[in-house]
Amino acid sequence: ISATPGCSTFVPYTTSASLSLGSANGLRTVYVLYRDIYGNTATAVTDTITLDNAKPSNGSLSSTAVSGTEVGLSWTGFKDTTSGIASYKVVYAAGGTAPSNCSSGTVIYTGSSTSYNHSVGGAGTDSYRVCAIDNAGNVSTGSTSTITLH
């Protein structure tokens with residue numbers, strides 16, 4: 001098993017093995033070569049994997065009054081160049097302090113849309129955080145917005 005097309009050291013056959021691919025994000029190719037007891041080496045078998053251990057970058061979140069009891073939320077600019085954005089998560093808290101991360105507050109939306117209308121109880125201050133989740137499951141730190149309805 002190798003991260004390069006050639007192989008200089010062969011090990012006894014096993015049904016599973018591990019290989020360190022380094023820590024840099026991106027596409028990697030893994031090569032497996034088989035050699036029989038007579039020294040015949042088969043053509044390499046290959047597969048690719050995308051290594052993505054980086055959080056998506058944040059964009060911006062805006063909130064606008066749709067009515068006296070509804071807040072329109074929209075977000076843009078979140079990016080993940082390695083595996084791509086899979087979905088978004090929006091969390092909510094009543095008052096002027098947005099949830100500190102997307103694991104706190106009340107989850108009001110999860111999905112792939114970049115907008116959501118939230119029904120609130122009426123006049124008051126409401127705070128939001130939206131986080132992007134990439135295809136590898138990494139979650140951005142998120143962007144926040146606060147709005148006061150009268």
Side-chain angles (χ1 to χ4, degrees), residues 1-7 9 11 13-34 42-150:
I1 297 175
S2 176
T4 60
C7 184
T9 304
V11 296
Y13 174 80
T14 63
T15 57
S16 66
S18 62
L19 174 67
S20 175
L21 298 175
S23 60
N25 289 326
L27 185 67
R28 301 285 190 281
T29 301
V30 176
Y31 302 84
V32 178
L33 291 99
Y34 296 96
T43 303
V45 177
T46 64
D47 201 358
T48 58
I49 184 171
T50 299
L51 180 61
D52 182 358
N53 56 19
K55 295 177 181 183
S57 62
N58 290 322
S60 60
L61 169 64
S62 64
S63 54
T64 57
V66 175
S67 70
T69 60
E70 191 170 36
V71 175
L73 302 166
S74 62
W75 50 94
T76 61
F78 288 82
K79 298 209 182 318
D80 186 89
T81 58
T82 305
S83 66
I85 302 293
S87 63
Y88 299 95
K89 182 177 183 180
V90 180
V91 293
Y92 158 81
T97 304
S100 60
N101 56 53
C102 280
S103 295
S104 60
T106 302
V107 177
I108 60 169
Y109 175 79
T110 56
S112 59
S113 179
T114 56
S115 64
Y116 178 76
N117 285 354
H118 180 226
S119 295
V120 295
T125 302
D126 300 294
S127 299
Y128 302 89
R129 177 178 295 271
V130 62
C131 297
I133 304 164
D134 70 16
N135 284 296
N138 301 306
V139 180
S140 72
T141 57
S143 296
T144 62
S145 183
T146 299
I147 187 169
T148 301
L149 298 178
H150 301 281

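Numbering of residues begins at 1 and proceeds along the displayed sequence.
Looking only at distances, no side-chain donor or acceptor of Arg129 sits under 3.5 Å from a matching main-chain atom of Val91. Put simply, the side chain of Ser67 gets close to the backbone of Glu70: a donor and an acceptor are under 3.5 Å apart. The backbone N or O of Lys79 sits less than 3.5 Å from a side-chain atom of Ser57, completing a donor-acceptor pair.
Applying the side chain to side chain donor-acceptor pair (under 3.5 Å) test to every pair with at least one member in residues 131-142, sequence neighbours left out, gives these pairs: Asp52-Asn138, Asn58-Ser140, Asn58-Thr141, Asp134-Asn138.
Ring geometry for Tyr34 against Tyr13 counts as tilted: the plane angle lies between 30° and 60°, on a 0 to 90° scale. Tyr128 and Tyr92 have tilted rings, their planes meeting at an angle from 30° to 60° on a 0 to 90° scale.
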Go through the steps to decide whether Thr125 and Thr148 satisfy the test side-chain hydrogen bond (donor to acceptor under 3.5 Å, both in side chains), and finish with yes or no. CA-CA 4 Å; Thr125 302; Thr148 301; 2.9 Å; yes

Carefully, step by step, assess Ser62 and Ser74 under the rule side-chain hydrogen bond (donor to acceptor under 3.5 Å, both in side chains). CA-CA 5 Å; Ser62 64; Ser74 62; 3.0 Å; yes

Intermediate values then yes/no, side-chain hydrogen bond (donor to acceptor under 3.5 Å, both in side chains), Ser145 and Ser63: CA-CA 6 Å; Ser145 183; Ser63 54; 2.6 Å; yes

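Residues Thr48 and Val30 are not in side-chain contact: their nearest non-hydrogen atoms beyond the backbone lie 4.5 Å or more apart. Side-chain contact check for Asp47 versus Ile49: every heavy-atom pair is 4.5 Å or farther apart. Two residues are said to be in side-chain contact when any heavy atoms from C-beta on lie closer than 4.5 Å; Lys89 and Ile133 meet this criterion. Between Asn117 and Val71 there is no side-chain heavy-atom pair separated by less than 4.5 Å. Between Val90 and Leu73 there is a side-chain heavy-atom pair separated by less than 4.5 Å. Contact check for Pro56 versus Phe78: no side-chain heavy atoms found under the 4.5 Å cut-off.
Taking NE2 of His118 as the reference point, atom CD1 of Ile108 lies at 4.5 Å (rounded to 0.5 Å). The structure places OG1 of Thr81 at 8.0 Å from CG of Asn25, a figure rounded to the nearest 0.5 Å. Taken from CD1 in Ile147 to NE2 in His150, the straight-line distance is 8.5 Å, to the nearest 0.5 Å. The distance from the CG atom of Leu21 to the CG atom of Leu51 is 6.5 Å, given to the nearest 0.5 Å.
In summary, the aromatic rings of Tyr109 and Tyr88 are positioned with their centroids too far apart to meet the 6.0 Å limit.
With no hydrogens or angles considered, no side-chain donor-acceptor pair links Ser143 and Ser60 at under 3.5 Å.
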